[in-house]
2 protein chains.
Amino acid sequence: MAARPRIKDVAEYAGVSPKTVSNVINNFEHVSERTRTAVQEAIDALGYRVNIAGRQLRQGRTGVITLAVPELDVAYFAELAKHVMAEAGRQGRTVLIHQTGAVREGELAALHGFDAQFCDGVLLSPLSLLPRDLATRDRRMPVVLLGERSAGAGTDHVGIDNVRAAREATEHLLARGRRRIAVVGGAVLGRQGTDRLRTDGYREAVEAAGLPFSTDLVVPVDAYHWRDGARATARLLEREPAADALLCLNDHLALGALRALHEHGRSVPGDFDVVGFDDIEASRFSVPTLTTVAPDKQEIARAAVSLLLRRIDEPDADAPRDHVAGHRLVIRESTGG
Amino acid sequence: MAARPRIKDVAEYAGVSPKTVSNVINNFEHVSERTRTAVQEAIDALGYRVNIAGRQLRQGRTGVITLAVPELDVAYFAELAKHVMAEAGRQGRTVLIHQTGAVREGELAALHGFDAQFCDGVLLSPLSLLPRDLATRDRRMPVVLLGERSAGAGTDHVGIDNVRAAREATEHLLARGRRRIAVVGGAVLGRQGTDRLRTDGYREAVEAAGLPFSTDLVVPVDAYHWRDGARATARLLEREPAADALLCLNDHLALGALRALHEHGRSVPGDFDVVGFDDIEASRFSVPTLTTVAPDKQEIARAAVSLLLRRIDEPDADAPRDHVAGHRLVIRESTGG
DNA sequence: CATGAGATTTACATCGATGTAAATACGTCG
DNA sequence: CGACGTATTTACATCGATGTAAATCTCATG
């Protein structure tokens, strides 16, 4: 069990200086073919691998980017993580996954904390971060925001057109004759968060249809899990027995809602329609299957990684960009599809 | 936007030597109260944070452990990750999450690859790793295996009693009068993997009930997702119309199976019983809710982290340990509960 | 007041890789 | 053949933190 070889060992084996080995590793152009071959053979023979701590100490780069999401057990983030890892791999980068727990400290930790030291930049899906949190970051960590944009106007951002997506989903429900549509997870006041934007889109559609917008139909939730959807829906059914459709701000909420509707003897899509957001795998296999807004996760991952790499290479290259990724409404059984 | 302060800056600010600052940071005992306070104030005033690259280079430790799982979009792993992060946090460690993609290269990468350099040890949930892959690791990376044990007899391991759990679940189905129970995701031959162990437990229960064990009722799957469960169940229903229950080796398979049964007009638990493994959140809200084997995820996380930290501190302390975590069968609607 | 044990602090070297700048090798041309 | 420009290679310093060992300080005791 020999100690791990260092660059110096490779150099001795190949009969060159350590710096020459370094030059080979980093593809420096002025290395003769003979030397390059000899060094490569030495590397293979000794099983040498560059020590990142040494490299990072010297040049401050690690080749690692962090993906910071609120919770991995929200399937959307797990699925997004897969796409991000694939895309980063294609670009020769490694992805470190960080869970923020949807709290501000966790999000700050992704930017300044312990984890942040391993990486060159962060893809952050913020929920509680405030604009000033981004403004005050001292060591200017390259950041790309995912989804939520409200935290930082001065930062690159990737997301879908939430207002339009929610409006389209609501129009679909209206076209099916639904008239009392509730928004599970919705928000009326406060920051221009994803929840607020989607609620705005819902409101546009409802009012365009000549119906009143009522906050009684906007049901807030604590988190975006099955249990929250079930709980919120149960509450709603008591308060608003005449409701006939739900626009749920993610698929977990929608799936939990399906459960609550089932328990209250409402049939979907007979008595009730349900729409979700995210198009996670579960929505294609639930009973009934779920109509949902499908963001183009691959496009989001691609855009996010490439924006971040650009920002890492040239921190102040140009003005922050906002990439609006595509989405489509996938119609399934929960709205009669 | 000042440059990030170094230990030297703190030392100058506090009027002591860099080493003294280091002593304070590392809680060296022989530091006078006065000095400690002064240094702490300097640290706070400058916003100093230790640079991990420097520390790692010097002492070879990072305080980071890796959790390497096959796929994050399998909810069990996402939920386990939460517990592991919580427990590691309690022990002052950071968790880096690595996805192996359920392929051998990915699992090897967690042990030897790029990511491995950031961490002091690995919690690995292996699927394809061979015993020799663990045996040949050169730099002896501390490893604790989760779930699957077949890869390494000489390695610490945490898991549940898979044979007993599967036997109990099968006994439950038998007690409800089911007679042709299929195993979705099961395996008869090959390594003593989790799938094999659970199939063995199933077999024990079936044979103890005086029923024949038939490989016709063992349905292999490619992966452990909803789609695989749905596909395998559809196939089974064609081949074995008389089947009356399913033991699915994880909850996603079971939930996909529920969908396929629904499409084939079988009612659960009327005509058919279904049991899963893992007790993910979805199993508490599906229609019907899912009877499942619930491993004690918190116990698994705790045991795994503490075994790993022990192994990191004293690599050859003692013989490899095998922690068998608790589990219980949670009976829900899919078996009439 | 000198002495020595123990407490506290410090100088210096080092971990591994790479930037800088200088040294050496190679080729071409007058 | 010598000089000069370009290509290759190398010596050395450095990134930031900490182990080692030595220096300095403190204080009780003879």
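Bear in mind the structure is a predicted one, so any value in this text is a computation, not a measurement. Residue numbers start from 1 in every chain, and the chains themselves are labelled A, B, ... in the order their sequence lines are given, proteins ahead of strands.
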OP1 or OP2 of D/dA17 less than 4.0 angstrom from a side-chain nitrogen or oxygen of B/Q59, does that happen here?
no
Measure from the side chain of B/T35, starting at C-beta and using heavy atoms only, and say which of D/dT18, D/dG16, C/dT9 lies closest.
C/dT9
Taking atom P of D/dA7 as reference, at what distance in whole Å does atom CG of A/N23 sit?
15 Å
According to a strict under-4.0 Å criterion, is B/S32 in side-chain N/O contact with OP1 or OP2 of C/dT9?
yes
What is the distance from CD of B/Q56 to C1' of C/dT14, rounded to the nearest Å?
15 Å
Give the intermediate values and the outcome of side chain to side chain contact (heavy atoms under 4.5 Å, CB included) for residues B/Y76 and B/K297.
CA-CA 9 Å; B/Y76 172 71; B/K297 301 191 191 85; 3.6 Å; yes
B/E87 and salt bridge (charged side-chain N to carboxylate O under 4.0 Å, His left out): which single residue from B/R302, B/R93, B/K82 fits?
B/R302
Between D/dT10 (C1') and A/I7 (CD1): distance, integer Å:
13 Å
Looking at the side chain of A/T20, which of C/dG16, D/dT18, D/dT10 is the nearest nucleotide?
D/dT10
Closest to the side chain of B/V16, out of C/dT10, D/dA17, C/dG16, is C/dT10
Could you state the CG-P distance from A/N26 to C/dA17, rounded to the nearest angstrom?
11 Å
To the nearest Å, how far apart are B/H30 NE2 and C/dT10 P?
16 Å
Please state whether the base of D/dT18 and the side chain of B/R55 form at least one donor-acceptor pair under 3.5 Å?
no
Going by an N to O cut-off under 4.0 Å, is there a salt bridge joining B/R61 and B/D313?
yes
So, under a plain 3.5 Å distance rule, would you say the side chain of A/K19 forms a donor-acceptor pair with the base of C/dG19?
yes
Send over the distance from A/D9 CG to C/dG16 P, rounded to a whole Å.
9 Å
Between C/dT14, C/dG16, D/dT9, which nucleotide gets closest to the side-chain atoms of A/R58?
C/dG16
Among D/dC15, C/dT9, C/dT8, which nucleotide sits nearest the side chain of B/V31?
C/dT9
Rounding to an integer number of Å, can you tell me how far B/K8 NZ sits from C/dA11 P?
13 Å
From CZ of B/F28 over to P of D/dG19, roughly how many Å is that when rounded to an integer?
10 Å
Does B/V50 reach a base, just sugar-phosphate, or nothing at all? Heavy atoms under 4.0 Å.
sugar-phosphate
